[in-house]
Amino acid sequence: MDEKYVCPCGYEYDPEVGDPDNGIEPGTPFEDLPDDWVCPICGLGKDSFEQE
């Protein structure tokens, strides 16, 4: 099962859902997100997320 990652703002990245509004297909693991991907809510980068 894919791990979820949570931003300090509360947004949760779920690999099963992806981030289709920002071009991230469902099924995309967090590790495979582009380096310039940011939280769609607050704009923080991937390095601010914590594994749930």
Closest non-hydrogen atom pair, G45 against V38: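 Answer, listing the atom of G45 first, then V38: CA-CG1, 4.3 Å.
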Indicate yes or no: at least one non-hydrogen side-chain atom of P8 is less than 4.5 angstrom from one of S48.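 A side-chain contact under 4.5 Å exists here.
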Going by heavy atoms in the side chains, are E3 and E52 under 4.5 Å from each other?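 Answer no - side chains too far apart.
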State whether the number of non-hydrogen atoms from other residues, nucleotides or ligands found under 6.0 Å of E31 atom CD is greater than 12.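 Yes - once you tally the heavy atoms of other residues, nucleotides and ligands closer than 6.0 Å, there are more than 12.
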Within this structure, what is the NZ-CD distance for the pair K4 and Q51, rounded to the nearest 0.5 Å?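 Rounded to the nearest 0.5 Å, the NZ-CD separation comes out at 12.5 Å.
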Spacing of SG belonging to C7 relative to CD belonging to E50, to within rounding of 0.5 Å: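 Between C7 SG and E50 CD, I get 10.0 Å after rounding to 0.5 Å.
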Any chance you could pull the hydrophobic cluster mates of I41, using side-chain heavy atoms under 4.5 angstrom and chaining through other members?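 Members other than I41 - counting any ILVMFWY side chain reachable under 4.5 Å - are Y5, Y11, Y13, I24, F30, L33, W37, F49.
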